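To start, the structure under review is shown below, and the notes come after it.
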Protein chains: 2
Amino acid sequence: MDALVQLTWRVYDILDDAARAHDLSTSQLRLLGILRDREPEMLELAGHLGVDKSSVSGLVDRAAARGLVERVPSATDRRRIAVRLTEAGRAQREILETEIYTAIDRAGLTLPPGARSTVTP
Amino acid sequence: MDALVQLTWRVYDILDDAARAHDLSTSQLRLLGILRDREPEMLELAGHLGVDKSSVSGLVDRAAARGLVERVPSATDRRRIAVRLTEAGRAQREILETEIYTAIDRAGLTLPPGARSTVTP
DNA sequence: TATTGTTATACTCTATAACTATA
DNA sequence: TATAGTTATAGAGTATAACAATA
């Protein structure tokens with residue numbers, strides 16, 4: 001049980017290092033990961049990230065300022081705004097993914113095949 | 001491989017929720033965990049946390065202000081300062097541990113026995 | 001001179017509360 | 001009135017650089 005928490009910190013450190021190497025935060029990294037196969041609106045995004053909607057505004061602002069994501073206004077409800085990766089954001093995410101997997105592998109932190117189904121319902 | 005990163009975020013959220021419920025941050029939570037069976041000096045603590053020594057000063061300041069940890073000056077080298085849990089800090093950490101394990105269990109996130117040795121060298 | 005720790009400064013991330021625009 | 005999103009504000013966490021005290 002403690003092993004799971006220790007594992008979490010070790011992987012978290014790897015994620016943080018990888019993000020930092022590209023001058024990104026773990027929150028920005030997580031944002032890119034969530035947007036890989038989604039185009040959520042701000043509130044929905046807040047739910048995925050587990051933070052308040054007001055925090056998402058700033059998070060998306062900074063990611064957009066770096067050209068990684070863009071806001072997409074809804075055609076039917078002018079209050080709603082979706083967020084999606086730009087091409088640059090998609091490329092950045094893929095680079096990070098590769099580096100992270102390499103680092104995880106190098107650290108010898110691979111879940112055995114049997115654990116995967118247990119762990120990702 | 002992706003499963004490991006997803007698992008990390010899920011456990012990280014559980015840790016964050018548990019810390020928040022006691023008005024603590026994940027960094028403070030991690031600090032308490034590290035000090036469970038150690039009495040490191042500031043630089044050593046920075047190494048464990050993976051942050052700069054200047055960040056540790058503030059982290060320990062805030063934890064000390066809440067009575068969770070205390071600074072212990074070295075008897076032989078007056079530059080060095082060790083950090084240890086107070087009794088209150090030890091109690092707080094144990095409460096958090098229980099709550100975290102309960103939450104992890106409730107989320108169905110248990111590593112199968114075979115994974116443990118793989119994962120914590 | 002080198003090392004340990006703190007301080008000054010600036011930025012990101014976060015929540016709460018108040019606000020705007022739209023429904 | 002209710003909802004989606006932003007802004008204002010305050011606090012924590014972080015790094016860099018400069019500093020103080022000690023070795």
Side-chain angles (χ1 to χ4, degrees), chain A residues 9 12-35 39-66 68-84, chain B residues 9 12-13 15-35 39-84:
Chain A
W9 288 126
Y12 184 83
D13 284 343
I14 287 173
L15 296 175
D16 194 42
D17 288 348
R20 246 174 236 290
H22 294 271
D23 197 31
L24 289 168
S25 65
T26 45
S27 291
Q28 295 287 336
L29 170 65
R30 193 173 184 179
L31 174 61
L32 298 184
I34 287 169
L35 296 181
E39 195 173 315
E41 294 172 354
M42 300 295 280
L43 268 179
E44 197 182 343
L45 189 46
H48 281 294
L49 288 163
V51 302
D52 189 81
K53 56 180 181 167
S54 67
S55 301
V56 178
S57 286
L59 216 44
V60 170
D61 279 349
R62 288 182 290 272
R66 299 186 51 163
L68 299 173
V69 308
E70 56 191 355
R71 285 177 164 92
V72 184
S74 160
T76 59
D77 184 339
R78 284 156 59 195
R79 293 172 304 181
R80 301 176 118 88
I81 297 178
V83 183
R84 70 171 169 222
Chain B
W9 287 125
Y12 185 82
D13 284 343
L15 296 176
D16 193 42
D17 288 348
R20 249 175 233 289
H22 294 271
D23 198 31
L24 290 168
S25 65
T26 45
S27 292
Q28 295 288 335
L29 170 64
R30 192 172 184 178
L31 173 62
L32 298 185
I34 287 168
L35 296 180
E39 196 172 314
E41 294 171 355
M42 299 295 280
L43 268 179
E44 197 182 344
L45 189 47
H48 281 294
L49 289 163
V51 302
D52 190 81
K53 58 182 178 163
S54 65
S55 301
V56 178
S57 286
L59 216 45
V60 169
D61 279 349
R62 288 182 290 272
R66 298 185 51 162
L68 300 173
V69 307
E70 57 192 354
R71 285 177 164 91
V72 184
S74 160
T76 60
D77 183 340
R78 283 155 61 193
R79 293 173 304 181
R80 303 176 117 88
I81 299 177
V83 183
R84 71 172 168 219

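To find a chain, count down the sequence lines: A is the first, B the second, and so on, and within it residues start at 1. Predicted model, so just to flag it, every value in this text is computed and none were measured.
- Put simply, CG on A/D77 is 8 Å from P on D/dA4, counting in whole angstrom units.
- Residues B/S25 and A/I81 both approach DNA chain D. Their nearest nucleotides, taken by heavy-atom distance, put A/I81 toward the 5′ side.
- Checking C/dT3, D/dG13, D/dG5 against the side-chain heavy atoms of A/S57 singles out D/dG5 as nearest.
- The residue A/R30 sits apart from the nucleic acid: no heavy atom pair falls under 4.0 Å.
- Following rounding to the nearest Å, A/D61 (CG) and D/dT6 (P) show an atom-to-atom distance of 7 Å.
- Note: A/L31 CG to A/T26 OG1 = 11.5 Å, rounded to the nearest 0.5 Å.
- Atoms CZ (B/R80) and C1' (D/dA20) sit 17 Å apart, rounded to a whole Å.
- One interatomic measurement links the two molecules: CD of B/E41 to P of D/dT22, which rounds to 16 Å at whole-angstrom precision.
- Atom CG in A/L45 sits about 14 Å away from atom P in D/dA4, given to the nearest Å.
- Set against C/dT12, D/dA15, D/dA23, the side chain of B/R79 has D/dA23 as its closest nucleotide.
- When each of B/L43 and A/L59 is assigned the nucleotide of DNA chain C with its nearest heavy atom, B/L43 is the one assigned upstream, toward the 5' end.
- Between the P atom of C/dA2 and the CZ atom of B/R78 lies a distance of 22 Å, rounded to the nearest Å.
- Between B/Y12 and A/Y12, the two ring planes are parallel [angle under 30°; tilted spans 30° to 60°].
- Contact check for B/S57 versus B/M42: side-chain heavy atoms found under the 4.5 Å cut-off.
- One can place NZ of B/K53 at 11 Å from C1' of C/dT7, the figure rounded to the nearest angstrom.
- The distance between atom CG of B/D52 and atom P of C/dT4, rounded to the nearest whole Å, is 13 Å.
- Here CG of A/L45 is found 12.0 Å from CD1 of A/I81. Values are rounded to the nearest 0.5 Å.
- Contact between the side-chain N/O atoms of A/S54 and the OP1/OP2 oxygens of D/dT6 is not found at any separation under 4.0 Å.
- No option in B/I34, B/L35, B/L59 other than B/L35 meets the side-chain contact (heavy atoms from CB on, under 4.5 Å) test with B/V83.
- Between B/R71 and C/dT6 there is a side-chain polar atom (N or O) within less than 4.0 angstrom of OP1 or OP2.
- Note on B/T76: only backbone sugar-phosphate atoms sit closer than 4.0 angstrom, heavy atoms only; bases stay farther off.
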